[in-house]
Amino acid sequence: MTPASRLLAWYDRHRRDLPWRAKPGEVGDAYHVWLSEVMLQQTTVATVKGYYADFLNRWPKVTDLANAPLEDVLKAWAGLGYYARARNLHKCAEAVARDHGGRFPETEAALRALPGVGDYTAAAVAAIAFGEPATVVDGNVERVMSRLFRIETPLPKGKAEIKTRTATLVPRDRPGDFAQACMDLGSSICTPKKPKCLLCPLQPDCAAHAAGEPERFPVKAPKKEKPTRRTVAFMPTHKGHVLLERRPPKGLLGGMPGLYSTPWEAQADFPDNWAAHAPATGDWQLLDGIARHTFTHFHLETRVAAAEISGRINLPSGEWVPIEDLDAAGLPTVFVKMVALYPSP
DNA sequence: CAACCGTGGCA
DNA sequence: TTGCCAAGGTT
């Protein structure tokens with residue numbers, strides 16, 4: 001018995017039924033596989049399920065998604081995070097429609113050239129949807145393989161070695177199932193903390209288990225500390241509406257709607273000249289409470305100021321939204337937290 | 001190649 | 001409460 005055959009036998013017994021997963025023996029639909037893989041980047045299965053169903057219901061084919069306005073796609077993506085994924089998702093759909101006749105290319109290299117498709121996603125779609133013997137390496141596979149082979153090189157440097165070792169295991173006949181089996185094993189058995197080695201089909205092959213130290217792997221480079229940035233955000237209201245800005249198309253929360261605010265800067269306290277950054281003149285009053293949110297590389301603390309705006313309004317990029325419709329405005333979570341400080345009637 | 005880029009769940 | 005982490009990609 002090889003590790004791959006042990007793993008596939010385990011997979012056939014414990015296979016999870018997921019919305020984007022093909023029935024046993026069937027090949028996956030490339031559009032479904034791609035959409036799910038992009039959504040699953042750094043995002044949990046539980047979170048993705050609802051978004052995946054919404055997207056497929058609204059845009060049944062990749063050409064439908066290509067024809068949708070970017071703004072609609074961003075709004076449907078709101079709350080999922082990493083909004084560059086949504087921008088690239090739309091770009092990729094356009095590329096498939098325009099350059100590939102509405103069908104996904106079937107080789108790993110051609111997939112890799114699409115926007116938002118990196119090494120992992122290209123390999124996953126190639127293996128799962130097209131049966132190509134591609135080597136799929138995600139966070140789960142890194143953990144499984146670093147333990148199996150007891151790889152001491154810290155991540156991310158050790159990823160090259162992990163991919164090389166993984167490639168030697170990929171079975172030519174079931175590369176897609178092998179990839180999904182590795183990921184399922186990593187998420188259910190070979191977990192970061194307290195791995196269930198007694199239930200693991202690879203236990204007989206596992207070097208880290210043999211050494212009695214599975215939890216020490218994968219070895220990772222030390223992380224940097226996150227600074228805290230502080231800002232004052234503005235809720236300019238007018239007859240039951242609030243003024244939102246459209247953020248610049250790239251960068252943090254790019255292309256998404258949000259509240260106007262002072263610049264988000266690392267500082268010991270909230271800015272005292274905040275009123276100078278208000279998007280309109282008014283009797284600005286700081287609301288009670290602090291909204292806290294953590295991004296990938298910094299913490300953000302926000303105080304919110306509100307004012308009823310009267311007189312002439314002249315703000316080109318802003319949009320007035322009924323306060324009661326804010327939950328449907330497609331706001332990123334950080335702004336949902338800020339808005340929550342505003343007293344509800 | 002290191003920095004940038006969200007969010008929610010959980011110990 | 002805090003840190004960790006989850007089916008990564010781009011620059």
Side-chain angles (χ1 to χ4, degrees), chain A residues 16 18-21 28 32-52 74 77-89 91-92 111-125 127-129 134-144 154-157 159-160 163 166 176 178-188 190-194 215 218 220-229 247-256 258 264 291-301 330-337:
Chain A
R16 284 194 297 167
L18 297 170
W20 45 83
R21 196 167 270 185
H32 297 179
V33 174
W34 163 75
L35 179 61
S36 67
E37 292 300 347
V38 173
M39 286 185 167
L40 286 163
Q41 290 167 10
Q42 301 289 285
T43 310
T44 59
V45 167
T47 302
V48 163
K49 279 184 177 174
Y51 286 89
Y52 176 79
L74 290 176
W77 195 274
L80 250 194
Y82 285 129
Y83 297 97
R85 289 187 297 170
R87 303 194 295 272
N88 285 327
L89 189 84
K91 262 197 224 171
C92 182
L111 288 162
R112 180 67 178 78
L114 294 168
V117 177
D119 288 344
Y120 163 77
T121 305
V125 175
I128 297 170
T135 305
V136 179
V137 179
D138 74 331
N140 288 306
V141 179
E142 286 176 354
R143 190 167 55 255
V144 170
L155 290 171
K157 192 168 182 290
K159 183 161 182 177
K163 185 154 188 174
T166 305
F178 176 76
Q180 293 175 92
C182 288
M183 293 189 280
D184 280 10
L185 187 78
S187 65
S188 63
C190 195
T191 49
K193 303 283 177 60
K194 302 185 178 181
E215 233 177 272
K220 294 190 175 182
K223 308 193 171 165
K224 302 180 66 174
E225 200 170 325
K226 293 178 182 177
T228 297
R229 303 185 189 180
R247 299 176 62 84
K250 291 184 176 181
L252 184 68
L253 305 170
M256 301 300 289
W264 298 2
R292 292 184 170 81
H293 189 81
T294 299
F295 292 94
T296 313
H297 51 294
F298 64 92
H299 305 285
L300 183 70
E301 293 187 358
L331 284 175
T333 300
V334 61
F335 296 115
V336 173
K337 291 180 180 177

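Below, read A as the first sequence line, B as the second, and so on, with proteins coming before strands; counting in each chain starts at 1. This is a predicted model, so every value here is computed, not measured. Atom set for the values below is all heavy atoms of this structure, side chains included, hydrogens, waters and symmetry mates excluded.
To the nearest angstrom, C1' of dG3(C) lies 12 Å from NZ of Lys220(A). Between Asp119(A) atom CG and dG8(C) atom C1' the separation is 10 Å, expressed in whole Å. Between the CZ atom of Arg292(A) and the C1' atom of dT1(C) there is a distance of 11 Å, given to the nearest Å. Summarising the geometry, the separation between CG on Leu40(A) and C1' on dC5(C) is reported as 15 Å, rounded to the nearest angstrom. Whole-Å rounding puts the Leu114(A) CG to dT10(C) C1' distance at 15 Å. Protein atom NZ of Lys49(A) is 18 Å distant from nucleotide atom P of dA6(C), rounded to whole Å. The nearest whole Å value for the distance from the NE2 atom in His299(A) to the C1' atom in dG8(B) is 16 Å. In this entry the distance linking NZ of Lys194(A) with P of dC10(B) reads 15 Å, nearest Å.
Two rings, from His293(A) and Phe295(A), have their centers less than 6.0 Å apart. Taking the six-membered ring for Trp, Tyr52(A) and Trp20(A) have ring centres closer than 6.0 Å.
Of the possible donor and acceptor atoms, none in the side chain of Tyr83(A) sits under 3.5 Å from a partner among the backbone N and O of Ala78(A).
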(request) For DNA chain C, produce a single dot-bracket line, 5' to 3'. Pairs: Watson-Crick or G-U wobble, both distances under 3.5 Å. Symbols: ( ) within strand, [ ] crossing, | other strand, . unpaired. (result) .|||||.||||
(request) Evaluate the criterion salt bridge (Lys or Arg N to Asp or Glu O under 4.0 Å) for residue pair Asp184(A) and Arg21(A); output intermediate values, then yes/no. (result) CA-CA 12 Å; Asp184(A) 280 10; Arg21(A) 196 167 270 185; 3.0 Å; yes
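By the side chain to side chain contact (heavy atoms under 4.5 Å, CB included) test, Ser187(A) pairs with Arg16(A), Asn140(A), sequence neighbours left out. The side chain to side chain contact (heavy atoms under 4.5 Å, CB included) check on Lys226(A) picks up Thr294(A), His299(A), with sequence neighbours excluded. Evaluation of the side chain to side chain contact (heavy atoms under 4.5 Å, CB included) rule for Val125(A) yields Val33(A), Trp34(A), Leu111(A), Thr121(A), Ala129(A), Phe130(A) as partners, not counting sequence neighbours. By the salt bridge (charged side-chain N to carboxylate O under 4.0 Å, His left out) test, Arg87(A) is found to be paired with no residue, residues two or more places apart in sequence or in another chain being considered.
If you check every strand for non-hydrogen atoms under 4.0 Å, Pro115(A) touches sugar and phosphate atoms only. Nucleic acid contact class of Leu18(A) (heavy atoms, under 4.0 Å, all strands): base. Within the 4.0 angstrom heavy-atom criterion, base atoms lie near Arg21(A). Using a 4.0 Å heavy-atom cutoff across all strands shown, Arg16(A) reaches at least one base atom of the nucleic acid. Residue-level contact check: Val48(A) touches neither bases nor backbone, having no heavy atom under 4.0 Å from any strand.
Each of Trp20(A) and Arg112(A) has a nearest nucleotide on DNA chain C; the 5'-most of these lies closest to Trp20(A). When each of Glu225(A) and Gly118(A) is assigned the nucleotide of DNA chain C with its nearest heavy atom, Glu225(A) is the one assigned upstream, toward the 5' end.
Under the 3.5 Å distance criterion, with hydrogens and angles disregarded, no donor-acceptor pair is assigned to the side chains of Gln41(A) and Arg85(A).
Here NZ of Lys91(A) is found 12.0 Å from CG of Leu89(A). Values are rounded to the nearest 0.5 Å.
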Write down the protein N/O and nucleotide N/O pairs, taken from nucleotides 3-7 of chain B, whose separation is under 3.5 Å; answer none if there are no such pairs.
unit_1 : atom_1 : unit_2    : atom_2 : d
dA3(B) : OP1    : Lys224(A) : NZ     : 2.9
dC5(B) : OP1    : Leu252(A) : N      : 3.4
dC5(B) : OP2    : His297(A) : NE2    : 2.6
dG6(B) : OP1    : Tyr83(A)  : N      : 2.9
dG6(B) : OP2    : Leu253(A) : N      : 2.5
dG6(B) : O4'    : Tyr82(A)  : N      : 2.9
dG6(B) : N7     : Tyr82(A)  : OH     : 3.4
dG6(B) : N7     : Thr296(A) : OG1    : 3.0
dG6(B) : O6     : Tyr82(A)  : OH     : 3.0
dG6(B) : N1     : Gln42(A)  : O      : 3.0
dG6(B) : N2     : Gln42(A)  : O      : 3.1
dG6(B) : N2     : Thr43(A)  : OG1    : 3.0
dT7(B) : OP1    : Tyr83(A)  : OH     : 2.7
dT7(B) : OP1    : Thr333(A) : N      : 2.8
dT7(B) : OP2    : His293(A) : NE2    : 2.8
dT7(B) : O3'    : Thr333(A) : OG1    : 3.4

